[in-house]
Amino acid sequence: MSTLFSIGVLSRDTGCKIETIRYYEKIGLMPEPARSEGGQRRYHQKHRDRLQFIRHGRELGFTLDDIRELLALSASHQHADNIARRHRDAVQARIRSLTALRDKLDRMIKECAHGHEGECRVIEVLNDHGQCQHDHNVTGGQS
């Protein structure tokens, strides 16, 4: 007979917030747990394993949709290299964008540091996107 445990124990053991566990259940990433006669959730080791898989995927930057797809592929014993390749390509694009942003900030800081008081152009450059040498959207679409 397998050991059953509460959502609090699952949360503590995995480092995942209780609200997040409930959300993952709601969207179908986590299977519905059994319920006690009092209606409390009761989890098995399979829930802990699934939640650790999800958390590790999230730590690696996979989206919930990617994780859902990975779980489906895992269940059908199919290869997941296309998802990993797509994610790697997105990471590489983000690295290029962040590198460009770092270079731009370095130029702004250098110009400010070597100028005389009142000649620092950081604010001026930030006010005029036309002075940028490239697009550097690194927020992933956030404003």
Side-chain angles (χ1 to χ4, degrees), residues 1-115 119-143:
M1 180 178 211
S2 65
T3 305
L4 297 174
F5 44 92
S6 69
I7 195 169
V9 171
L10 181 63
S11 173
R12 183 195 69 217
D13 289 354
T14 61
C16 190
K17 294 180 181 180
I18 290 173
E19 298 80 20
T20 303
I21 296 169
R22 289 180 181 146
Y23 175 71
Y24 290 160
E25 289 172 12
K26 180 180 175 184
I27 65 171
L29 280 180
M30 288 285 293
E32 284 289 321
R35 298 273 182 165
S36 69
E37 287 190 26
Q40 292 182 325
R41 291 171 168 89
R42 294 290 175 222
Y43 296 90
H44 293 273
Q45 182 62 40
K46 69 178 182 175
H47 293 99
R48 183 181 287 138
D49 295 343
R50 169 73 67 102
L51 186 55
Q52 287 174 332
F53 178 92
I54 295 167
R55 285 195 37 99
H56 191 212
R58 295 295 289 151
E59 288 170 0
L60 292 172
F62 286 98
T63 67
L64 292 177
D65 287 338
D66 287 340
I67 291 170
R68 184 182 313 278
E69 193 173 348
L70 288 166
L71 287 167
L73 290 171
S74 174
S76 63
H77 304 289
Q78 295 181 15
H79 294 284
D81 58 327
N82 286 337
I83 298 169
R85 191 172 291 113
R86 182 176 68 218
H87 185 59
R88 184 220 39 224
D89 292 347
V91 167
Q92 187 61 42
R94 184 159 169 80
I95 289 170
R96 282 191 302 272
S97 185
L98 286 169
T99 300
L101 176 59
R102 182 202 59 213
D103 293 348
K104 179 65 174 180
L105 289 169
D106 284 348
R107 281 191 300 279
M108 289 168 47
I109 291 166
K110 183 179 178 183
E111 288 175 10
C112 207
H114 293 298
E119 291 183 2
C120 182
R121 297 187 52 230
V122 172
I123 302 300
E124 178 185 336
V125 170
L126 290 174
N127 278 327
D128 183 4
H129 188 64
Q131 293 187 38
C132 294
Q133 295 175 350
H134 42 69
D135 184 24
H136 42 72
N137 178 13
V138 295
T139 62
Q142 298 172 3
S143 300

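For the numbers below, each heavy atom of this structure counts, side chains included, while hydrogens, waters and symmetry mates do not. Throughout, numbering of the chain's residues begins at 1 and tracks the sequence. Quantities reported herein were computed from a predicted structural model and do not represent experimental measurements.
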CE of Met30 to CG of Leu71: how many Å apart, nearest 0.5 Å? 10.0 Å

Donor-acceptor pair, side chain of Thr20 and main chain of Cys16, under 3.5 angstrom: no

Approximate separation, where rounding is to 0.5 Å, of Arg94 CZ and Thr99 OG1: 11.0 Å

With rounding to the nearest 0.5 Å, note down the distance linking CG in Asn82 to CD in Glu69. 8.5 Å

Test item: His87 side-chain N/O and Leu60 main-chain N/O as donor-acceptor pair under 3.5 Å: yes

Taking the basic N atoms (NZ, or NE/NH1/NH2) and the acidic carboxylate oxygens, is any pair closer than 4.0 Å for Arg41 and Glu32? no

For Arg50 and Ile54, indicate whether the former's side chain and the latter's backbone hold a donor-acceptor pair under 3.5 Å. no

Could you grab the distance from atom CG of Leu73 to atom CD1 of Ile83, nearest 0.5 Å is fine? 4.5 Å

I'd like to know if the side chain of Arg86 and the backbone of Asp81 have a donor-acceptor N/O pair within less than 3.5 Å. no

With a 4.5 Å cut-off on side-chain heavy atoms, are Tyr24 and Leu64 touching? yes

Given the rule in the side-chain contact (heavy atoms from CB on, under 4.5 Å) test, do Arg68 and Thr63 qualify, once you have shown the distances and angles that lead to the verdict? CA-CA 9 Å; Arg68 184 182 313 278; Thr63 67; over 6 Å; no

Where the side chain of Ser11 meets the backbone of Ile7, is there a donor-acceptor pair that is under 3.5 Å apart? no

Is there a donor-acceptor contact under 3.5 Å linking the side chains of Arg42 and Gln40? yes

Tested for side chain to side chain donor-acceptor pair (under 3.5 Å) against Asp49, the lone hit among Gln45, His47, Lys46 is Gln45

Between Thr14 and Arg55, which heavy-atom pair has the shortest distance, and what is it? O-NE, 3.0 Å

Test Leu51 against Tyr43 for side-chain contact (heavy atoms from CB on, under 4.5 Å), laying out the working first. CA-CA 11 Å; Leu51 186 55; Tyr43 296 90; over 6 Å; no

Does Arg48 make a cation-pi contact with Phe5, if we ask for NZ or CZ under 6.0 Å from the ring centre and within 45° of the axis? yes

